[in-house]
Amino acid sequence: MYDYLEIYTDISLTLTMIITLLVYSVGLMQFLRPFTKSRLARYLTGAAYAAIMLVMFFLPQEFNNLVAYGAGVVGAFAVFTLLDRRNYAQKLFLAFSFFSVRWLTAAVGTSIWLKVYGLTCGFVIDAFMFEPEKQVAAYIVYDAVEGCIMAGIMLLLITIFHKVYVSKNEKMTIKEALLLMLPSVAGVFNYRLLLYFNSIDTREIDISPYDLISFVFYLVSYTALVAVIYFYEQIKAGQRREKETAMLSVQTDNIRDYISGAESLYRDIRAIRHDMRNHLAVLESLHARGENEAFESYLAEARERIGSDKGVNSGDPVTDVILTEKQSEAERRGIAFECDFHYPDGFSAGALDMSIILNNALNNAIEAAEKCPEGKRRISITSLKKKNAFVITVTNTCTGDCATADGELPETTKPDRSEHGFGLVNIRNTAEKYGGGIDISFKDGEFTLTVMLMM
């Protein structure tokens with residue numbers, strides 16, 4: 001019977017290891033989910049972690065837990081970094097954070113499981129004292145319960161981490177990573193210190209409050225990590241607001257230039273009206289004298305000059321200047337530009353607000369379309385009135401780089417993400433100012449931005 005139970009002990013140990021390893025591997029894949037769009041990167045990272053830990057478990061040489069699990073995390077994140085080569089400082093921070101989540105899961109989960117085991121094991125032993133098969137089955141159930149406890153705790157900790165850490169897509173500096181890692185580093189070393197005191201001879205020491213102190217320590221350690229991330233996010237939010245304000249200030253200066261351009265445009269229109277009166281006088285004179293050939297020639301030349309004007313007539317002079325300028329810029333870059341933009345009767349929006357929407361939308365469209373092969377570069381901007389809503393739609397051809405989930409703001413492709421990526425945010429904020437919003441979609445190589453403003 002003792003041999004049988006000894007075999008079970010080995011099986012139980014292996015089963016416990018496999019269950020907890022499965023929990024940690026799947027937890028790691030879930031932990032990385034918001035930080036990469038590549039499922040393959042997440043799956044291979046989780047598989048690398050599982051493979052390293054299996055090797056460490058079955059090697060005859062014994063390893064310190066801190067070393068073993070540290071090696072697993074380092075190896076897994078090395079694979080993740082190879083598959084997702086960006087934001088290296090953030091990956092360093094994520095590696096330490098996951099290590100903290102893992103040891104906190106193990107510590108709290110084991111504490112809870114030991115309480116459950118202590119309260120029920122006596123009953124199991126008494127009930128199945130002479131039935132070793134049922135004892136083995138009961139202990140397997142214990143292993144499964146331990147796995148469920150671990151999974152629940154890890155999911156809770158990961159959810160809290162994702163909730164607090166908002167700036168997932170922003171580039172992190174090495175200084176920021178080191179600052180955010182401090183609670184994790186301190187927690188890991190203090191955890192190791194607690195393990196040391198738990199392993200020494202305590203026959204002459206009262207350690208009755210040890211479990212409670214340990215649990216409080218684990219809770220405080222993770223709370224410190226969450227608190228540091230929270231205050232970091234508050235600082236980042238303030239920086240984003242300052243940058244958005246600076247961007248709006250620049251766009252305000254731009255709108256002044258457009259207004260100046262609109263005034264120049266209307267001066268040109270008045271000059272054209274003056275010239276038209278002269279043209280009509282010449283045509284009347286030629287017709288009266290019967291000089292038909294000269295009449296036809298002069299009329300054709302006048303028609304050609306008038307027809308060569310590619311300006312836009314939207315119903316607003318500032319908008320005309322913006323659209324005409326963007327049309328010219330697109331055509332210089334080899335992009336076909338289609339415009340069917342008109343203001344409906346009764347609609348009035350501030351010149352600055354419309355400038356923010358049109359400038360940002362068309363700048364993004366031109367930048368994206370220019371990356372497409374020649375012959376496939378297209379932009380179209382249309383507007384229409386739907387009941388009491390004014391809807392603006394900007395569509396452009398795009399490479400796969402601008403693909404995003406419907407409704408989500410895509411990440412900027414510029415190298416310095418901290419200085420860019422505010423265009424769509426400003427468009428959305430402006431639309432919400434008019435009780436509307438924006439919608440984004442990507443289908444069949446075309447990116448579509450829809451802006452709705454309530455009239």
Side-chain angles (χ1 to χ4, degrees), residues 169 244 247-248 250-251 254-255 257-258 261 310-316 318-343 349 351-384 390-417 419-432 434 436-453:
N169 296 323
E244 289 176 13
M247 288 288 293
L248 286 175
V250 171
Q251 291 179 342
N254 290 339
I255 194 61
D257 294 337
Y258 286 125
K310 296 182 179 180
V312 178
N313 183 16
S314 66
D316 176 76
V318 176
T319 300
D320 291 347
V321 172
I322 295 172
L323 294 177
T324 300
E325 180 183 294
K326 298 306 176 186
Q327 179 181 13
S328 300
E329 182 180 352
E331 291 175 351
R332 285 196 304 270
R333 302 189 186 193
I335 303 171
F337 190 95
E338 299 177 5
C339 180
D340 184 16
F341 186 95
H342 306 282
Y343 286 105
L352 174 61
D353 293 331
M354 290 308 302
S355 172
I356 290 172
I357 293 172
L358 296 176
N359 271 308
N360 284 302
L362 292 174
N363 285 342
N364 291 343
I366 291 172
E367 179 185 342
E370 190 178 20
K371 297 178 182 178
C372 295
E374 292 186 10
K376 294 186 178 180
R377 300 173 182 175
R378 296 185 303 277
I379 296 174
S380 70
I381 176 169
T382 61
S383 65
L384 59 89
F390 179 49
V391 181
I392 304 168
T393 303
V394 179
T395 302
N396 60 270
T397 52
C398 181
T399 63
D401 293 339
C402 67
T404 181
D406 286 359
E408 294 184 3
L409 298 185
E411 300 175 23
T412 179
T413 57
K414 295 183 176 65
D416 189 353
R417 298 186 180 193
E419 299 295 332
H420 300 282
F422 298 109
L424 287 174
V425 174
N426 288 338
I427 293 175
R428 182 178 61 188
N429 292 341
T430 303
E432 290 175 351
Y434 289 84
I438 68 173
D439 181 71
I440 294 170
S441 63
F442 178 80
K443 183 178 180 182
D444 298 331
E446 288 191 341
F447 181 89
T448 300
L449 168 66
T450 303
V451 183
M452 183 180 70
L453 308 174

Between the side chains of Asn359 and Ser355, is a donor N or O closer than 3.5 angstrom to an acceptor N or O? yes

In short, Ile438 meets Ile427 closest at the heavy-atom pair CG2-CG2, 3.8 Å

Take Asp340 and Leu384 through the side-chain contact (heavy atoms from CB on, under 4.5 Å) test and state the conclusion after the steps. CA-CA 9 Å; Asp340 184 16; Leu384 59 89; over 6 Å; no

About how many Å separate CG of Asn396 and NZ of Lys371, when rounded to the nearest 0.5 Å? 11.0 Å

Going by heavy atoms in the side chains, are Glu374 and Arg377 under 4.5 Å from each other? yes

Are any of the side-chain heavy atoms of Phe341 and Leu358 separated by less than 4.5 Å? yes

Nearest 0.5 angstrom please: Leu449 CG to Asp439 CG, how far? 8.5 Å

Closest approach of Thr399 and Cys372, non-hydrogen atoms and distance? N-SG, 4.0 Å

Looking only at heavy atoms, which two atoms of Met452 and Val391 are closest? And how far apart? CG-CG2, 4.3 Å

Residue pair Met354 / Leu453, side-chain heavy-atom distance below 4.5 Å: yes

Under the side-chain hydrogen bond (donor to acceptor under 3.5 Å, both in side chains) rule, collect the residues that match up with Glu338, sequence neighbours excluded. none

Under the side-chain hydrogen bond (donor to acceptor under 3.5 Å, both in side chains) test, residues paired with Asn429 that sit two or more places apart: none

Evaluate the side-chain contact (heavy atoms from CB on, under 4.5 Å) criterion for residues Val451 and Tyr434: first the C-alpha distance (whole Å), next the side-chain angles of each, then the deciding distance (0.1 Å), finally the verdict. CA-CA 11 Å; Val451 183; Tyr434 289 84; over 6 Å; no

Interatomic spacing from CD in Glu367 to CD1 in Ile335 - rounded to 0.5 Å: 10.5 Å

With a 3.5 Å distance limit and no angle check, can you tell me whether Thr430 reaches the backbone of Ile357 through a side-chain donor-acceptor pair? no

Grab the two heavy atoms, one from Arg378 and one from Ala369, that are nearest each other, plus how far apart they are. O-CB, 4.1 Å

Residues which pass side-chain hydrogen bond (donor to acceptor under 3.5 Å, both in side chains) with Glu370, listed by chain and number, not counting sequence neighbours: Arg333

Measuring from atom CD of Gln327 to atom CD1 of Ile381, what distance do you get when rounded to the nearest 0.5 angstrom? 11.0 Å

Where is the tightest heavy-atom contact between Cys398 and Ala368, given as atom of each residue plus distance? SG-CB, 4.3 Å

Indicate the atoms forming the closest heavy-atom contact of His342 with Phe390, along with that distance. O-CE1, 3.6 Å

